[in-house]
Amino acid sequence: MQRRDFIRIAGGGAVFAATATGLTGCDASLPQEALTAWTPPAESEDLRHWLLAHAILAPHSHNLQSWLVDLSKPNEITLHIDLGRLLPETDPFSRQMMMSQGTFLELLDLAAREKGLRADIELFPEGAFGPLQLDQRPTARVQLIADAEVRPDPLFAQIFKRHTNREAYEAREPDSTALQAIAASAAMPALRVGFVGSAQAQALQEHRRIATEAWRVELETPRTILESYKVLRVGPKEITEHRDGISLNSPFVRALTALGLFDRTQAPQPGDSGVAGQIKDFNEKIATTPAFFWMVTEGNDRFTQVRAGRAYARAQLAATVHGLSMHPLQQALQEYPEQKAQYTAIHALLGAPLPTSTVQMWARLGYAPLIQPAPRRGVQAHILPA
């Protein structure tokens, strides 16, 4: 999502004009201290730490990294969700959070295979969460067992190369070989995947229409944009300290913050020029997006959500193999009231009748410029105390 760009232009051009001259030498790249988790790990006395160093690079909504692991039993990893790292406004039923648990488990499984280990994953060993809220019970219990029959998965090699790319995509479309590989990688029971491109011109325009409207709604709904503000990290100090959330290191935003002109406790006012500018910028990116990728499941229970997360992780890794980027468009898939029209529209467009089917993922797909990875908090931040 384009929240980084939205906040980059919020606050007004007058401030930019007054401060731009003194900022031309500043670096907008993220501080390297916040990116150390993206260096391949050394071997560890406890092999589980090596596995976790790969799992924590999984994609996660808002980059919240809501993963906690219990390592108290040898050769076992018990995964919990961090209940302090949820998105109650934009993800009121924690569907996205459950998918992000699944992305973690998939990368953990890939890393285990690389070491000749079978990861026996038992989902919800103490019972699944209800449909409305989560609790302290574990998401999964993983037993690690040496198994000579286990073979490495080629997708493992993409873990450190995979990044969610929100930039403008090139006009050229993905080729059929890449699309087939992505679809095959994500195959699982009761899940359909699909793509839309220029060959389906009318459908492509409808995808673009829904995406732009859903983005506008999220920007103009005070409580949803404030939820993003709460996890916004501005400048090297905040980014390095937190290593999560939405990172912004642009000189412009840093100047606004330093001058006290960017109040992250207040939503933009109706008609705000920053919001209007960001809507325009997002619309331009959507208008030139060459293809969209989607995943639909039968049902929407917690098991399905986690498995859909695993499938998406594989799909994005497969896209990376072919030099393609993905950018999830979760706004229209979110279940808060203001998005009802867009939620209904995308389900109808993808032939996902409610309530028996659910669109679990919808993403831009295309070739994009290289970007930095998102910060990660490191393995130790996710290990529960003994």
Side-chain angles (χ1 to χ4, degrees), residues 1-38 60-66 84-90 163-168 215-282 284-285 327 330-331 371-378 381:
M1 288 173 278
Q2 302 303 114
R3 295 175 178 87
R4 291 173 174 80
D5 294 326
F6 161 62
I7 301 162
R8 183 177 299 128
I9 62 174
V15 175
F16 178 78
T19 59
T21 302
L23 292 170
T24 55
C26 293
D27 185 3
S29 61
L30 300 182
Q32 288 301 312
E33 298 91 331
L35 307 178
T36 56
W38 290 93
H60 194 299
S61 295
H62 274 52
N63 193 28
L64 287 186
Q65 307 168 48
S66 306
R85 290 174 173 270
L86 304 179
L87 297 169
E89 300 297 345
T90 54
H163 308 309
T164 296
N165 197 315
R166 299 167 177 84
E167 301 302 320
W215 176 237
R216 182 195 64 77
V217 168
E218 183 161 316
L219 286 188
E220 294 182 351
T221 302
R223 70 180 191 284
T224 57
I225 192 61
L226 282 174
E227 187 168 71
S228 293
Y229 280 6
K230 289 177 183 177
V231 296
L232 179 64
R233 317 305 182 198
V234 176
K237 183 175 183 297
E238 286 187 22
I239 293 169
T240 302
E241 177 184 352
H242 293 280
R243 304 186 188 205
D244 66 358
I246 304 164
S247 298
L248 275 177
N249 202 31
S250 82
F252 178 39
V253 179
R254 287 157 56 186
L256 291 178
T257 302
L259 293 170
L261 297 172
F262 179 27
D263 185 355
R264 285 174 265 176
T265 67
Q266 299 294 321
Q269 295 296 312
D272 182 87
S273 61
V275 172
Q278 173 51 14
I279 290 173
K280 179 177 181 292
D281 178 74
F282 181 80
E284 290 172 352
K285 289 179 179 178
H327 168 201
Q330 289 287 1
Q331 292 86 359
I371 58 168
Q372 286 186 289
R376 287 294 190 272
R377 294 187 292 143

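- Between I246 and H62 the shortest side-chain heavy-atom distance falls below 4.5 Å.
- To the nearest 0.5 Å, atoms OG (S61) and CG (L86) are separated by 11.0 Å.
- Heavy atoms only, all atoms of each residue included: R254 and P236 are closest at NE-CD, 3.9 Å.
- Ring to ring, F262 and Y229 are close: their centroids are under 6.0 angstrom apart.
- Of the possible donor and acceptor atoms, one in the side chain of Q65 sits under 3.5 Å from a partner among the backbone N and O of P375.
- Partners of R264 by side chain to side chain donor-acceptor pair (under 3.5 Å), not counting sequence neighbours, listed by chain and number: E238.
- Atom-to-atom distance recorded for L30:CG and R243:CZ is 12.0 Å, nearest 0.5 angstrom.
- For E284, the side chain to side chain donor-acceptor pair (under 3.5 Å) partners at least two apart in sequence or on another chain are K280.
- With N249 contributing its side chain and P31 its backbone, the two residues share no donor-acceptor pair below 3.5 Å.
- Here the straight-line distance linking atom CG of L232 with atom CG of L226 works out to 11.5 Å at 0.5 Å rounding.
- Under the 3.5 Å distance criterion, the side-chain polar atoms of E227 are matched with a main-chain donor or acceptor of T90.
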Does the pair Q32 and Q372 meet the rule for a side chain to side chain contact (heavy atoms under 4.5 Å, CB included), with working shown?
-> CA-CA 10 Å; Q32 288 301 312; Q372 286 186 289; 3.7 Å; yes
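- In this structure, NE2 in H242 is found 4.5 Å from CZ in R233, a value given to the nearest 0.5 Å.
- With a 4.5 Å cut-off on side-chain heavy atoms, H163 and W38 count as touching.
- Considering every non-hydrogen atom in both D272 and V275, the closest pair reads OD2-N, 3.0 Å.
- Across V253 and V234, no two heavy atoms sit closer than the pair CG1-CG1, 3.8 Å.
- Panel note: side chain S247, backbone I239; no donor-acceptor pair is recorded below 3.5 Å.
- Once rounded to the nearest 0.5 Å, the distance linking OG1 of T224 with CD of E218 reads 5.0 Å.
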Evaluate side chain to side chain donor-acceptor pair (under 3.5 Å) for T240 paired with E33, printing each intermediate quantity in order.
-> CA-CA 6 Å; T240 302; E33 298 91 331; 4.5 Å; no
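- Using a 4.5 Å heavy-atom cutoff, the side chains of D244 and H60 are not in contact.
- Atom CZ of R377 is separated from atom CG of L64 by 9.0 Å, given to the nearest 0.5 angstrom.
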